[in-house]
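Here is the structure we will look at, set down as structure tokens.
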Amino acid sequence: MSIYRLWLAIDASLSRSWVAQRLRLCRDQPPEKGGGTLEWVVIAAIVFLLAVAVGAKITQVVNENMNKIG
């Protein structure tokens, strides 16, 4: 069997495989619009809430120890 025939056999079997079909489906679909933006909005909201929580805790500690500071 020549290398050419072997390569054709491998190519034919790969083109029918599940992985090749899945890659073809992913390639043919249009890219998501707004998906990246939504993810960044969620991440920014989480970071903002964490910053507010840390700020509130720091304010609470400072207010509790205000008499000791001054």
Side-chain angles (χ1 to χ4, degrees):
M1 180 178 245
S2 70
I3 299 229
Y4 180 70
R5 285 187 180 184
L6 179 64
W7 180 252
L8 284 177
I10 291 171
D11 185 47
S13 66
L14 285 177
S15 66
R16 290 187 304 253
S17 73
W18 177 83
V19 175
Q21 291 174 0
R22 179 76 177 146
L23 289 173
R24 203 173 302 115
L25 284 175
C26 290
R27 182 189 64 211
D28 294 340
Q29 291 179 352
E32 295 181 15
K33 293 184 180 180
T37 304
L38 179 62
E39 292 166 1
W40 279 108
V41 168
V42 170
I43 291 170
I46 291 171
V47 169
F48 175 75
L49 291 175
L50 285 173
V52 168
V54 169
K57 183 64 177 175
I58 290 172
T59 304
Q60 177 188 2
V61 170
V62 168
N63 287 336
E64 288 175 358
N65 296 319
M66 195 178 323
N67 295 332
K68 296 177 188 176
I69 294 173

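This is a predicted model, so every value here is computed, not measured. The chain is numbered in sequence order, starting from 1.
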Next on the checklist: Clusters formed by hydrophobic residues whose side-chain heavy atoms approach within less than 4.5 Å: which one holds I46, and what are its other members?
Outcome noted: V42, L50
Checklist entry - In terms of hydrophobic clustering (I, L, V, M, F, W, Y; side-chain heavy atoms under 4.5 Å; direct or indirect links), are V54 and V62 co-clustered? => result yes
Next on the checklist: Nearest 0.5 Å, please: how far is CG in L38 from CD1 in I43?
Outcome noted: 10.0 Å
Next on the checklist: If the condition is side-chain contact (heavy atoms from CB on, under 4.5 Å), which residues does V61 pass it with, not counting sequence neighbours?
Outcome noted: K57, N65
Checklist entry - Excluding sequence neighbours, so at least two apart, what forms side-chain contact (heavy atoms from CB on, under 4.5 Å) with E64? => result Q60
